[in-house]
Novice: 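The structure is given below, and queries will be raised subsequently.
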Number of protein chains: 2
Amino acid sequence: MTHLSITEENYLKSILKLSDHNQTKIGTNEIANEINISAASVSDMLRKLADKKLITYQKYYGVKLTKTGEHYAKNLVRKHRLWEVFLTQKLQFSWDEVHDLAEQLEHVKGDDMINRLEKFLGNPKFDPHGDPIPDTMGNIAIRKQQLLIELKKGDKAVIIGVKDTATTFLQFLDSIKISLGTKFTVIGVVIYDHSMQLKLQDGRELMLSQQVCSNIFVSS
Amino acid sequence: MTHLSITEENYLKSILKLSDHNQTKIGTNEIANEINISAASVSDMLRKLADKKLITYQKYYGVKLTKTGEHYAKNLVRKHRLWEVFLTQKLQFSWDEVHDLAEQLEHVKGDDMINRLEKFLGNPKFDPHGDPIPDTMGNIAIRKQQLLIELKKGDKAVIIGVKDTATTFLQFLDSIKISLGTKFTVIGVVIYDHSMQLKLQDGRELMLSQQVCSNIFVSS
DNA sequence: GACTTAATTTAGTCTTGCCTAAAAAATATA
DNA sequence: TATATTTTTTAGGCAAGACTAAATTAAGTC
Ligand SMILES: [Mn+2]
Ligand SMILES: [Mn+2]
Ligand SMILES: [Mn+2]
Ligand SMILES: [Mn+2]
C-alpha cells in the first residue's frame, strides 16, 4: 500500500463518516463542511484521490470510497478509537478530552504498534464513547442499539453509547452522573416536548430533554 | 508559545543533538547531513528559525539554539524518550524497534498527555537505550559514565547505555545477550586492535571489538 | 598575498494543500 | 421550457518546505 499523507487520510475518514449507513454518493460541499475547507480545495483533492484509486469520482456527481479507500479509512477509525481507549483507560483522561489527541495519534504509522496496543488494552471492542472498534480487516461489531428517544414508558435499558461526542454534551452527562453502563427504566414521556423521565438503577430520577435523548444510544 | 511545525521541531532537535557537549556553533552542512536535506534548504530554514528567535544565526558563521529553542528541543527529546519507554515497557517492543515510532509520536501535541504518560510509566529517568529523560523544565539527570573502551584490565563495571542506536548494533548486542544492566569485569585488552575481553556476571566470556566498545556506556 | 577549495547562501523551480473569484454544470422553480 | 439558484469545478495565487545550479564568502595553501 502506498503511503498516504495526513491530509489524504483525513479526507478518506470524512468520506467514510459521511457515508455511514448511507449508500448514496457524498457531495463536495458535504466534505468541505465536514473538514472546514473550501469546496474548491475539496474538488482539487477529490481528483487526486480518484487518481490514486481511493475513491470513485464522477465530476459533479459526488464520490464514494473504493474498497482500498474504505480499508484505509476504517484502519484510521480503528487507530483513533484504540488510542481513545488508551487515553481513558491508561492515562485517566475523561471521555470528553480524548478526541483531539486521538486525531493526532491516529496518523502515526505502524500497524504492528496498533495491534500490540489493542492487545495491551485487552482487545476492547468499543471506544470510550461506545463506538465500535474495527478489527484489522475493517470488520465492525454490530450491536442491537437504538436511540433513547425511541423508547416508551416502562421500557428498561442500558446506556451503551453517545451519538454526539461534543465536549459540552459529554461534560453535561458527567455532571448528572450518567455514563456508559448506566441502567434505567423510562417512567414517563412528556407529550408536550418529548422530555423523558428516567429512574436510574441507583434510585435517582432524572428528566432529560428530547435533544439529550436523541443523542444517547441504548440497548435493552 | 507558538505552534511549531514538525519540520521546525526536527530542525531544533538536530541542532540540539549536534550541540551536545559542544558549545561551538553548528554549521549548515552538519545539519544538512544530520537530517538528509540539502544545505540550501537548511539555509532557508535557518533564516526562518532565526526570525522566530528559536536560534541565533549569523550568516556564514553557524547557529546556536536560543533559550526558547533549547526548551522546545529538549521537550521534544523528553517526548521521544518517554514514548520509547512506553513502546518497550508496555507494548513489548525491543530496543531496536522503537526509534522510528518515537520519531512520529514525539510530534503529537499535548504536554498534559506526556506528563500523564510519564506518571503511567512510573517516572522513568532513562530510555531503553540508557539516555536520560529531561523533566518538564528540560533538566537532564547527569550520571557518571564512561565508554567501555576507556576501561583497563581488571576494571569492573555495568552497562548503562549505548552511544550508537542503529538497529544492526542493537540487534548484535541482543544476539550476544548483552543488555543494559549487564555486569562484567575486563579480563584483557588486546594490544594489536584494542579488542576487549570481558567476563560477564553469568560466567560467560566475550571478546568485543574496539568499535563495539566505543559505543557502549558503562558505570563503575 | 594571490589562488584554490570548501562551505554557505541566493536564485529559480517544484509539489502539496490551501485560498478567492469566476465559470460551468446541475437542479429547482415558475 | 426558460430562468434562477445552488453546487461544483476551473483559474490563478500563495506559503511551506523541498530541490538543483549558480554565486558568494570563508578558509586553507603555496
Ligand atoms: Mn473521537
Ligand atoms: Mn470515540
Ligand atoms: Mn530514539
Ligand atoms: Mn533512545
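All values below come from the heavy atoms of this structure, side chains included, with hydrogens, waters and symmetry mates left out. Convention: sequence-line order gives letters A, B, ...; per-chain numbering from 1.
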Novice: Five pairs per end, C1' atoms only: what is the angle between the end axes of the helix from dG1(C)-dC30(D) to dA30(C)-dT1(D), to 10 degrees?
Specialist: 10°
Novice: Excluding sequence neighbours, so at least two apart, what forms side chain to side chain donor-acceptor pair (under 3.5 Å) with Lys17(B)?
Specialist: Glu34(B)
Novice: Mind checking side-chain contact (heavy atoms from CB on, under 4.5 Å) for Asn75(B) and listing every partner two or more places apart, or none if nothing turns up?
Specialist: Arg78(B), Lys79(B), Asp111(B)
Novice: State which residues pass side chain to side chain donor-acceptor pair (under 3.5 Å) with Arg116(A); sequence neighbours excluded, sorted by chain then number.
Specialist: Asp112(A)
Novice: Under the salt bridge (Lys or Arg N to Asp or Glu O under 4.0 Å) test, which residues partner Lys119(B), sequence neighbours left out?
Specialist: none
Novice: Could you tell me the separation between the NZ atom of Lys48(A) and the P atom of dT15(C), rounded to a whole number of Å?
Specialist: 11 Å
Novice: Report the residues that fulfil side chain to side chain donor-acceptor pair (under 3.5 Å) with Lys52(A), sequence neighbours left out, ordered by chain and then residue number.
Specialist: Glu8(A)
Novice: Could you check if a side-chain atom of Leu147(B) sits within less than 4.5 angstrom of a side-chain atom of Lys163(B), using non-hydrogen atoms only?
Specialist: yes
Novice: Sort me out a list of protein N/O and nucleotides 1-5 of chain C N/O pairs below 3.5 Å, or just none if empty.
Specialist:
none

Novice: Whole angstrom is fine here: how far is it from CG in Leu49(A) over to P in dC18(C)?
Specialist: 11 Å
Novice: Could you tell me whether Arg81(B) and Glu106(B) make a salt bridge, using a distance below 4.0 angstrom between a side-chain N and a carboxylate O?
Specialist: no
Novice: Taking 4.0 angstrom as the limit, do Lys109(A) and Glu103(B) come out as a salt bridge?
Specialist: no
Novice: What is the separation between atom NZ on Lys25(A) and atom C1' on dA26(C), rounded to the nearest whole Å?
Specialist: 15 Å
Novice: Starting at OH of Tyr57(B) and ending at C1' of dA7(C), how long is that distance when rounded to a whole Å?
Specialist: 11 Å
Novice: Ring of Tyr11(B), cation from Lys48(B) - is the NZ or CZ under 6.0 Å from the centre and inside 45° of the axis?
Specialist: no
Novice: Taking the side chain as C-beta and beyond, is there a heavy-atom pair between Thr7(A) and Met45(A) under 4.5 Å?
Specialist: yes
Novice: If we ignore angles and hydrogens, is there a donor and acceptor under 3.5 Å between the side chains of His99(B) and His80(B)?
Specialist: yes
Novice: Can you pull out the residues from residues 4-12 of chain B that lie within a 4.0 Å heavy-atom distance of DNA chain D?
Specialist: Ser5(B), Thr7(B), Tyr11(B)
Novice: Just checking, is any N or O donor in the side chain of Glu97(B) or Ser94(B) under 3.5 Å from an acceptor N or O on the other one?
Specialist: yes
Novice: List in numerical order all residues of residues 29-47 of chain A for which some heavy atom is under 4.0 Å away from an atom belonging to DNA chain D.
Specialist: Asn29(A), Ala39(A), Ala40(A), Ser43(A)
Novice: Within this structure, what is the CD-to-C1' distance between Gln58(A) and dA24(C), rounded to whole angstrom?
Specialist: 16 Å
Novice: I'd like to check the side chain to side chain donor-acceptor pair (under 3.5 Å) partners of Glu70(A); sequence neighbours left out, ordered by chain and number.
Specialist: Lys74(A)
Novice: Sort me out a list of protein N/O and nucleotides 22-26 of chain D N/O pairs below 3.5 Å, or just none if empty.
Specialist:
residue	atom	partner	partner atom	Å
dA26(D)	OP1	Tyr61(B)	OH	3.3

Novice: With sequence neighbours excluded, tell me which residues meet side-chain contact (heavy atoms from CB on, under 4.5 Å) with Asp174(A).
Specialist: Trp95(A), Asp96(A)
Novice: Evaluate the side-chain proximity of Leu12(B) to Ile55(B): yes if any heavy-atom separation is below 4.5 Å, no if none is.
Specialist: yes
